[in-house]
Amino acid sequence: MDWKESCRSRLREHLDAHGDIAPPWERFPDYERYTIGWRMGSGEDWLGMWWVFLEQLAPDRETRVAYLRRHPPAPITWAEAVHKVLHPTEERADDEDGDEEDGGEEDGGEEDPSAAAARRSALLEQGFIAVDVSFTIWLSQQDGVRWPWESYETPEKAARYNTRELWFWSRQVAELRRGDGWMPPAVPEGWRACATALASGDAEPIAPRDGLLSLARLLCAGDVKAPWQLGLELADFADSFDDDMGYVDAFRLWGMSAFDDAHQLRSYLEATRVPPGWEAWIAEQFPVD
């Protein structure tokens, strides 16, 4: 049995009451669009079953619009995949080298970027994609608060290997902290360095050399500082993903997980008053539309 046949054989057990399989951005909102999670494990399986489902779905626009309307809008990073759902028979030059099971959006396409921008604009206007929507989807699926130390022994490991979900958790907790009677549970010994930040929303002082711990503390405080806010410079960027990375590299790791669209990124940059000297680095590290 080949992989597509395997996906087809398992599809039925994942269908909902409407006979739908949830689109991947709904099933895994804590997966950013281009994470390796879509190429291995449960993410790869779900994406494969989704494409098999779409192959079997009637190609008329009414049916496909109805399917998308039954589910949350997609992040803007999924715009091309959403366009393919709505236009299953359309072929474009940039599809030739695409990998359908990964959304058919490989980097080898030669299409005029203005055409893709026009499609995104139309999908936004129609409500099929939306700004900063993954957090809303994730939050709607939570039953209370899941504390990160239940899965990770140290904050460094959570920040390194579960960055996006830790960011969503940070936003959830920040809202709770604003309410009356905020009282987080006691943290285990391995998370002791984050206890004050979690309780008070104040992560100071930050040690920029301890990048992952600093990022975790800022996430516990609900306020991820930009490197320029901490007096750091571009020279502090080592282009490292190692566990001993400094804060600029940890911030890059977070930004790759946090920003799904240009509007969301621009709002953060405006709020943190990004200096002109950092703008080219931001554009290179966080290439969002």
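All of these numbers come straight from a predicted model, not from anything done at the bench.
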Peer 1: Measure from the ring center of Trp50 to the ring center of Trp25 and say whether it is less than 6.0 Å.
Peer 2: yes
Peer 1: Answer yes or no: does atom CD of Glu62 have more than 12 heavy-atom neighbours from other residues, nucleotides or ligands under 6.0 Å?
Peer 2: no
Peer 1: For Ala58, give me all partners under side chain to side chain contact (heavy atoms under 4.5 Å, CB included), at least two apart in sequence or on another chain.
Peer 2: Asp60, Thr63
Peer 1: Given side chains that start at C-beta, do those of Phe168 and Leu139 come closer than 4.5 Å, heavy atoms only?
Peer 2: no
Peer 1: Look at the side-chain heavy atoms of Ile, Leu, Val, Met, Phe, Trp and Tyr, link any pair under 4.5 Å apart, and say whether Leu176 and Leu166 land in one connected group.
Peer 2: yes
Peer 1: Under the ring-ring contact (aromatic ring centres under 6.0 Å, His included) rule, collect the residues that match up with Tyr268, sequence neighbours excluded.
Peer 2: Trp254, Phe259
Peer 1: Can you get from Trp167 to Tyr31 by hopping between Ile, Leu, Val, Met, Phe, Trp and Tyr side chains that sit under 4.5 Å apart?
Peer 2: no
Peer 1: So do the side chains of Trp228 and Val274 get within less than 4.5 Å of each other, counting heavy atoms only?
Peer 2: yes
Peer 1: Please list, one pair per line, the donor and acceptor atoms closer than 3.5 Å that link side chains of residues 192-203 to other protein atoms, with sequence neighbours excluded.
Peer 2:
unit_1: Arg192; atom_1: NH2; unit_2: Val187; atom_2: O; d: 3.2
unit_1: Ser200; atom_1: OG; unit_2: Thr196; atom_2: O; d: 2.7
unit_1: Ser200; atom_1: OG; unit_2: Asp202; atom_2: N; d: 3.1
unit_1: Asp202; atom_1: OD1; unit_2: Glu204; atom_2: N; d: 3.0

Peer 1: With the side chain counted from C-beta on, respond yes when Arg160 and Tyr152 share a heavy-atom pair under 4.5 Å apart, and no when they do not.
Peer 2: no
Peer 1: Enumerate the residue pairs fulfilling side-chain hydrogen bond (donor to acceptor under 3.5 Å, both in side chains) with a member in residues 130-142, sequence neighbours excluded, ordered by first and then second residue.
Peer 2: Asp132-Arg171, Asp132-Gln264, Ser134-Arg164, Ser134-Asp260, Trp138-Glu165, Gln142-Arg146
Peer 1: His263: what forms a ring-ring contact (aromatic ring centres under 6.0 Å, His included) with it, not counting sequence neighbours?
Peer 2: none
Peer 1: Can you sort out the partners of Arg27 under salt bridge (Lys or Arg N to Asp or Glu O under 4.0 Å), two or more places apart, ordered by chain and number?
Peer 2: none
Peer 1: Does His18 offer a backbone N or O that forms a donor-acceptor pair with the side chain of Asp16 under 3.5 Å?
Peer 2: yes
Peer 1: Run the salt bridge (Lys or Arg N to Asp or Glu O under 4.0 Å) test against Asp30 and tell me which residues pass, sequence neighbours left out.
Peer 2: none
Peer 1: Which ILVMFWY residues can you reach from Met40 by hopping between side chains whose heavy atoms are under 4.5 Å apart?
Peer 2: Ile36
Peer 1: Is there a donor-acceptor contact under 3.5 Å from the side chain of Ser6 to the main chain of Asp2?
Peer 2: no
Peer 1: Report all side-chain donor-acceptor pairs from residues 121-128 shorter than 3.5 Å, counting only partners two or more places apart or in another chain.
Peer 2:
unit_1: Gln126; atom_1: OE1; unit_2: Arg61; atom_2: NH2; d: 3.2
unit_1: Gln126; atom_1: NE2; unit_2: Ala122; atom_2: O; d: 3.3

Peer 1: Looking at Ser214 and Ile206, what are the two nearest heavy atoms and their distance?
Peer 2: OG-CG2, 3.5 Å
Peer 1: Identify every side-chain donor-acceptor pair in residues 246-253 under 3.5 Å, counting partners at least two apart or on other chains, and give the distances.
Peer 2:
unit_1: Tyr247; atom_1: OH; unit_2: Lys225; atom_2: O; d: 2.5
unit_1: Asp249; atom_1: OD1; unit_2: Ala238; atom_2: N; d: 3.4
unit_1: Asp249; atom_1: OD1; unit_2: Asp239; atom_2: N; d: 2.7
unit_1: Asp249; atom_1: OD1; unit_2: Ser240; atom_2: N; d: 2.7
unit_1: Asp249; atom_1: OD2; unit_2: Ala238; atom_2: N; d: 3.1
unit_1: Arg252; atom_1: NH1; unit_2: Asp239; atom_2: OD1; d: 3.2
unit_1: Arg252; atom_1: NH1; unit_2: Gln285; atom_2: OE1; d: 3.0
unit_1: Arg252; atom_1: NH2; unit_2: Asp239; atom_2: OD1; d: 3.1

Peer 1: Can you confirm whether Pro148 sits close enough to Trp169 that some side-chain heavy atom of one is under 4.5 Å from a side-chain heavy atom of the other?
Peer 2: yes
Peer 1: Under 4.5 Å between any side-chain heavy atoms of Asp223 and Gln229, yes or no?
Peer 2: no
Peer 1: Give the cluster check for Val131 versus Leu265: same hydrophobic cluster or not, with ILVMFWY residues linked at side-chain heavy-atom distances below 4.5 Å.
Peer 2: no
Peer 1: Taking atom CD as the centre, does Glu233 end up with more than 12 heavy-atom neighbours from other residues, nucleotides or ligands that are less than 6.0 angstrom away?
Peer 2: no
Peer 1: Check for me, please, whether Phe135 and Phe28 land in the same ILVMFWY cluster - side-chain distances under 4.5 Å, paths through other members count.
Peer 2: no
Peer 1: Ile76 vs Val288, test: side chain to side chain contact (heavy atoms under 4.5 Å, CB included). Steps then yes/no.
Peer 2: CA-CA 9 Å; Ile76 290 175; Val288 291; over 6 Å; no
Peer 1: Can you give me the closest heavy-atom contact between Leu54 and Arg64, atom names plus distance?
Peer 2: O-NH2, 2.6 Å
Peer 1: Rounded to the nearest 0.5 Å, what separation is found between the CG atom of Asp243 and the CE atom of Met245?
Peer 2: 6.5 Å
Peer 1: Atom CH2 in Trp46, atom CZ in Arg10: separation rounded to 0.5 Å?
Peer 2: 10.5 Å
Peer 1: About how many Å separate CZ of Arg177 and OG of Ser170, when rounded to the nearest 0.5 Å?
Peer 2: 7.5 Å
Peer 1: Leu47 and Pro24: which non-hydrogen atoms are nearest, and at how many Å?
Peer 2: CD1-CG, 3.7 Å
Peer 1: Check Glu44 against Trp3 and note the closest heavy-atom contact, atom names and distance.
Peer 2: O-CZ2, 3.3 Å
Peer 1: Could you grab the distance from atom CG of Leu213 to atom CG of Leu218, nearest 0.5 Å is fine?
Peer 2: 9.5 Å
Peer 1: Can you measure from CZ (Arg39) to OH (Tyr34) and round to the nearest 0.5 angstrom?
Peer 2: 10.5 Å
Peer 1: Determine yes or no for a side-chain-to-main-chain donor-acceptor pair under 3.5 angstrom, with Gln172 supplying the side chain and Gly144 the backbone.
Peer 2: yes
Peer 1: Are Pro227 and Trp278 close enough that some pair of their side-chain heavy atoms sits under 4.5 Å apart?
Peer 2: yes
Peer 1: Would you mind reporting whether Asp261 and Pro75 have side-chain heavy atoms less than 4.5 Å apart?
Peer 2: no
Peer 1: Are Thr77 and Glu32 packed together at the side-chain level, in the sense that at least one heavy-atom pair is separated by less than 4.5 angstrom?
Peer 2: no
Peer 1: Can you name the ring-ring contact (aromatic ring centres under 6.0 Å, His included) partners of Trp191, sequence neighbours left out?
Peer 2: Trp149
Peer 1: Name all residues meeting the ring-ring contact (aromatic ring centres under 6.0 Å, His included) criterion together with Phe237; count only those two or more places apart in sequence or in a different chain, and write none if there are none.
Peer 2: Trp281
Peer 1: List the atom of Ala22, the atom of Tyr67, and the distance in Å for their closest heavy-atom pair.
Peer 2: C-OH, 3.9 Å
Peer 1: I need the Glu284 CD to Phe286 CZ distance, nearest 0.5 Å.
Peer 2: 10.5 Å
Peer 1: Between Pro73 and Val133, which heavy-atom pair has the shortest distance, and what is it?
Peer 2: O-CG1, 3.6 Å
